[in-house]
Amino acid sequence: MPLSVQCPHCGRRFEAADTLAGQPVKCACGQVVQVGAASAPVDFFAEELGARDNPLLAETPAEWAKATGAPPEIAAQIEKRMAKKLTSNSSFMMAVTGGVIALMLIIGLLAFWLGSH
Ligand SMILES: [Zn+2]
C-alpha cells in the first residue's frame, strides 16, 4: 500500500511506495520530505520538537516556529491541521453519542410498548 505523504513546506499531497517509509523523498516544490513523518502534521510537529531535543521549548506550532526559525506559514499550516483534527474527533464523538442516545430511546419505547400490551 502506498503511503500518503503531505509536504509540510507546500502542502502538496503525494504517494510514496511503502518501502520508502522513514526515507527522505523530494517533493515537487524541491523540499525534502520524510516519508511517514510528514504525512501526519502533528507527528511532524512532535518529531521536530523531539529532534531538536527541547520538548519544553514550545507548546504551540507558532512558538515552535519562532524558536526554531521555521517559516511561520508552516506553523500556521500545522496549527490549522491540528485544529481540524480535533474538530473531526469531537464531531465523531458527537455522532457516536447521538447514536447511543437514539438506540436507548428505541429500546425504551420498545420496552414501554411491550409493557403496555
Ligand atoms: Zn512541497
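Remember, it's 1-based here, ligands and their atoms both numbered in the order they're listed.
- The shortest non-hydrogen separation linking Gln77 to Cys7 is OE1-O, 4.5 Å.
- Side-chain N or O atoms of Gln34 include one that pairs as donor or acceptor with a backbone N or O of Gly22 at under 3.5 Å.
- The number of protein N, O or S atoms lying under 2.8 Å from the Zn ion (ligand 1) is 4.
- Contact detail for Gly30 and Lys26: the closest heavy-atom pair is O-CE, 3.3 Å.
- In this structure, Ala16 and Val5 approach most closely via the heavy-atom pair CB-CG2, 4.0 Å.
- Judged by distance alone, with hydrogens and angles left aside, the side-chain atoms of Gln6 form a donor-acceptor pair with the main-chain N or O of Gly11 at under 3.5 Å.
- Contact detail for Ala17 and Leu3: the closest heavy-atom pair is O-CD1, 4.2 Å.
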